[in-house]
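Keep in mind that this is a model prediction, so the values were computed, not measured.
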Amino acid sequence: MNAPTLIGARTLKRWLHDGAELALFDVRERGPFAESHLLFAVPLPYSRLELEVARLAPRRDVRLVVCDADGRGPALSAARRLEALGYREVHVLEGGTATWAAQGHGLFAGVNVPSKVFGELAEQAYGTPHIGAAELARRMAAGEPLVVLDGRPLAEFRKMSIPGARCCPNGELAYRIQSLVPDASTPVVVNCAGRTRSIIGAQTLISLGLPNPVMALENGTQGWMLSELPLDHGRSLGYPPGSGGGGLREQAAALARRHGVQTVSAGTVRDWASDPARTLYLCDVRTPEEFAAGSLPGAQHTPGGQLVQATDEYVGVRHARLVLFDDDGVRAPTVASWLRQMGHDAHVLAGGLGSGLALPSPEAAALPPAPPEVEAAALADAWRAGTVRMIDLRPSPSYRASRIPGSQWSVRPRVRQALEGDGDAREVVFVAEHPAVAALAASELAAPARPPLRMLRGGLEAWAAAGLPVDAAPLAPSQEEHIDFVFFVHDRHDGNKEAARRYLAWEIGLVAQLDAEERAVFRLPGDARGRP
């Protein structure tokens with residue numbers, strides 16, 4: 001196979017802003033990615049490349065660039081894999097992020113950074129009202145009428161929440177708000193863990209013309225904790241079952257029109273899907289439960305609040321077409337209005353779930369064959385006899401919490417390093433959450449040096465269910481080896497106040513890192529102030 005095509009930082013900078021489609025993938029694991037990456041790089045860890053790439057970049061002709069820290073690591077392997085999968089315009093950023101920075105371009109820490117930047121810019125553009133934790137706590141203690149809504153998904157709400165708050169993810173606010181506030185005078189406070197979803201949630205209600213006073217909780221649950229106020233844990237209070245309605249449908253349609261969102265027919269979307277020169281994402285913005293009960297063929301689930309909060313987890317191609325739908329005419333236009341302001345080509349499907357639209361699903365990437373399986377009992381015999389080595393490919397936090405004694409943690413980019421050079425000829429057994437993960441790791445080990453390979457049927461769950469011993473490894477892998485884990489956003493959720501302060505300072509400081517071209521991507525109104 002030919003060497004991958006290299007491009008320089010100057011070329012990539014031009015491509016990022018030339019208006020044509022571009023998939024820019026940083027293929028390092030999530031830990032190194034979160035430490036430093038290009039603003040518009042989409043995280044696609046090499047360990048999961050073939051599992052995620054077809055969803056993120058469904059069109060094989062898309063202009064595609066992969067990068068890593070120095071251009072000599074997983075980017076080269078990823079480029080070869082992508083070409084083998086049929087991607088026809090694959091490039092590697094020469095010198096990686098190091099050369100990008102050396103040529104004067106900015107690098108960003110954290111995850112979902114474009115969405116975080118957008119939240120800060122939105123607060124500046126709209127002057128979104130906010131309330132501090134101490135003042136909110138005072139009003140609550142005084143028994144003043146208030147509705148506090150947490151704009152995060154329920155799983156995040158359960159981890160920590162403001163006492164008395166109710167979970168209503170941002171994508172649901174426009175649809176369900178009228179069932180959550182008792183009258184038009186009750187103040188509404190929207191919070192998240194930090195800033196972005198608090199700002200976007202509150203501004204959503206304001207921009208829709210909700211008559212109630214609406215505020216964002218400044219710095220979210222982290223600000224609450226830093227004010228020495230107690231958080232609840234494990235609560236599951238959400239919006240009432242069956243809540244929703246069309247009361248804000250006209251307001252949502254008007255908001256969408258104001259930001260240039262077009263409503264397109266199923267026929268138009270079918271034509272777009274057959275356009276060989278453009279990428280199309282069909283996005284179901286409803287709840288997980290609604291999506292699981294049935295969606296349009298060819299759609300991916302992109303819950304509305306998270307589609308704004310973490311766009312790079314769903315959309316891998318810049319300047320692609322996004323078509324959003326719901327079954328109520330409220331959620332899709334509201335979310336699309338934000339995506340347009342973020343610089344995306346977002347549209348709403350006329351008729352939504354009832355449109356009859358059916359598109360083919362993206363062609364899945366071909367996976368290498370998985371190693372043959374071994375039952376837990378047979379593996380236990382070999383383990384006791386000392387004739388096998390076990391490599392655990394599960395996420396490192398899972399390994400730290402529970403593992404087979406004596407097993408070694410690794411990840412696809414490092415599995416060859418873990419097995420080579422020690423002269424150990426024992427059979428290797430992979431422990432993985434899914435056979436595909438074991439298959440991808442096995443593909444890194446080429447014959448004839450490849451040791452005999454198998455994988456544990458049913459993974460660690462099957463081993464534990466058979467009554468076989470399990471222990472914990474809280475210090476393994478080391479923090480330096482913990483490359484699949486994002487420490488950047490972890491400690492702030494464990495009550496570490498200094499980590500929370502650093503995180504909030506990082507979030508607030510993002511806008512100052514933008515250059516003029518990066519700032520121009522976002523389409524926020526320059527003179528907007530509060531209500532339309």
**Asked** Going through the checks in order, is the salt bridge (Lys or Arg N to Asp or Glu O under 4.0 Å) test met by Arg63 and Asp18?
**Response** CA-CA 12 Å; Arg63 184 174 55 171; Asp18 66 5; 2.9 Å; yes

**Prompt:** ring pair (Phe, Tyr, Trp, His ring centres under 6.0 Å): which pairs involve residues 304-343, sequence neighbours left out?
**Reply:** Phe118-Trp338

**Prompt:** Between Arg30 and Asp484, does at least one N-O distance fall below 4.0 Å, as a salt bridge requires?
**Reply:** no

**Request:** State plainly whether the residues Arg60 and Glu83 are in salt-bridge range, i.e. N to O under 4.0 Å.
**Result:** no

**Request:** Just jot down the side-chain contact (heavy atoms from CB on, under 4.5 Å) partners of Glu120, sequence neighbours excluded, or say none.
**Result:** Glu123, Arg195, Ile199, Glu507, Ile508, Val511

**Asked** Which pairs count as side-chain hydrogen bond (donor to acceptor under 3.5 Å, both in side chains) when at least one residue sits in residues 509-520, sequence neighbours excluded?
**Response** Lys13-Asp515

**Item:** Pairing residues for Ser410 by the side-chain contact (heavy atoms from CB on, under 4.5 Å) criterion, not counting sequence neighbours
**Value:** Ile391, Arg414, Val415, Ala418

**Asked** So which pairs with a foot in residues 25-84 pass ring pair (Phe, Tyr, Trp, His ring centres under 6.0 Å), sequence neighbours left out?
**Response** Phe33-His37

**Request:** Kindly check if the number of other-residue, nucleotide or ligand heavy atoms within 6.0 Å of CZ (Arg523) is above 12?
**Result:** yes

**Complete:** What one should report as the nearest heavy-atom pair of Asn170 and Gly305 is CB-CA, 3.9 Å

**Complete:** By side chain to side chain donor-acceptor pair (under 3.5 Å), Asp345 pairs with (sequence neighbours left out) Arg278, Arg340, His347

**Test log, rule salt bridge (Lys or Arg N to Asp or Glu O under 4.0 Å), inputs Arg501 and Glu498** = CA-CA 5 Å; Arg501 291 187 187 96; Glu498 183 55 35; 3.7 Å; yes

**Item:** All side chain to side chain donor-acceptor pair (under 3.5 Å) counterparts of Glu313, not counting sequence neighbours
**Value:** Asn112

**Prompt:** Quick one: do the Ser337 and Thr334 side chains pair a donor with an acceptor below 3.5 Å?
**Reply:** no

**Asked** Backbone N or O of Gly194 within a donor-acceptor pair of the Tyr503 side chain at under 3.5 Å?
**Response** no

**Prompt:** Pro333: what forms a side-chain contact (heavy atoms from CB on, under 4.5 Å) with it, not counting sequence neighbours?
**Reply:** Ala252, Ala256, Asp326, Val348

**Asked** Any Lys/Arg nitrogen of Asp275 or Arg321 sitting under 4.0 Å from an Asp/Glu carboxylate oxygen of the other?
**Response** yes

**Arg318 with Glu21: basic N within carboxylate O range, under 4.0 Å** = no

**Prompt:** Would you say the side chains of Thr128 and Gln203 form a donor-acceptor pair under 3.5 Å?
**Reply:** yes

**Prompt:** Which residue pairs pass the ring pair (Phe, Tyr, Trp, His ring centres under 6.0 Å) test when at least one of the two sits in residues 67-102, sequence neighbours left out?
**Reply:** Trp15-His91, Trp100-His105

**Fill in**
Residues Leu349 and Val269: closest non-hydrogen pair is CD1-CG2, 4.0 Å

**Message:** Just by distance, no angles: are the side chains of Asp284 and Ser295 close enough, under 3.5 Å, to form a donor-acceptor pair?
**Reply:** yes

**Prompt:** Is the cationic atom of Arg286 (NZ for Lys, CZ for Arg) positioned less than 6.0 Å from the six-membered ring centroid of Phe291 and within 45 degrees of its normal?
**Reply:** no

**Complete:** Nearest heavy-atom approach of Ser198 to Cys192 is OG-N, 2.8 Å

Going by atom type alone, with no hydrogens or angles, which donor-acceptor pairs under 3.5 Å involve a side-chain atom of residues 131-138 and a protein atom two or more places apart or on another chain?
| unit_1 | atom_1 | unit_2 | atom_2 | d |
| --- | --- | --- | --- | --- |
| Glu135 | OE1 | Arg138 | NE | 3.0 |
| Glu135 | OE2 | Arg138 | NH2 | 2.8 |
| Glu135 | OE2 | Arg139 | NE | 3.0 |

**Request:** Kindly indicate, with the supporting measurements, whether the criterion side chain to side chain contact (heavy atoms under 4.5 Å, CB included) is fulfilled by Asn191 and Val148.
**Result:** CA-CA 7 Å; Asn191 79 274; Val148 181; 3.8 Å; yes

**Check against salt bridge (Lys or Arg N to Asp or Glu O under 4.0 Å), Asp68 and Arg72** = CA-CA 8 Å; Asp68 57 22; Arg72 298 191 299 271; over 6 Å; no

**Request:** Taking side chain to side chain donor-acceptor pair (under 3.5 Å) as the test, write out the residues that go with Arg235, two or more places apart.
**Result:** Ser161

**Message:** Between the side chains of Arg412 and Glu50, is the shortest nitrogen-to-carboxylate-oxygen separation below 4.0 Å, so that they form an ion pair?
**Reply:** yes

**Item:** Over 12 foreign heavy atoms within 6.0 Å of CZ, Arg48
**Value:** no

**Message:** For Thr99 and Glu94, which I'm curious about, is there any donor-acceptor pair between the side chains at under 3.5 Å?
**Reply:** no

**Item:** Verdict with reasoning, Arg59 to Glu89, per salt bridge (Lys or Arg N to Asp or Glu O under 4.0 Å)
**Value:** CA-CA 11 Å; Arg59 189 168 63 84; Glu89 195 177 340; over 6 Å; no

**Message:** For Gln178 and Leu248: C-alpha separation, side-chain torsions, deciding distance, then whether side chain to side chain contact (heavy atoms under 4.5 Å, CB included) applies.
**Reply:** CA-CA 8 Å; Gln178 290 183 316; Leu248 296 183; 4.3 Å; yes

**Prompt:** Taking only residues at least two apart or on different chains, which pairs with a member in residues 194-223 satisfy ring pair (Phe, Tyr, Trp, His ring centres under 6.0 Å)?
**Reply:** none

**Flag if over 12 foreign heavy atoms under 6.0 Å of CD, Glu250** = no

**Prompt:** Any donor and acceptor pair, going by atom type alone, linking the side chain of Glu363 with main-chain N or O of Pro58 inside 3.5 Å?
**Reply:** no

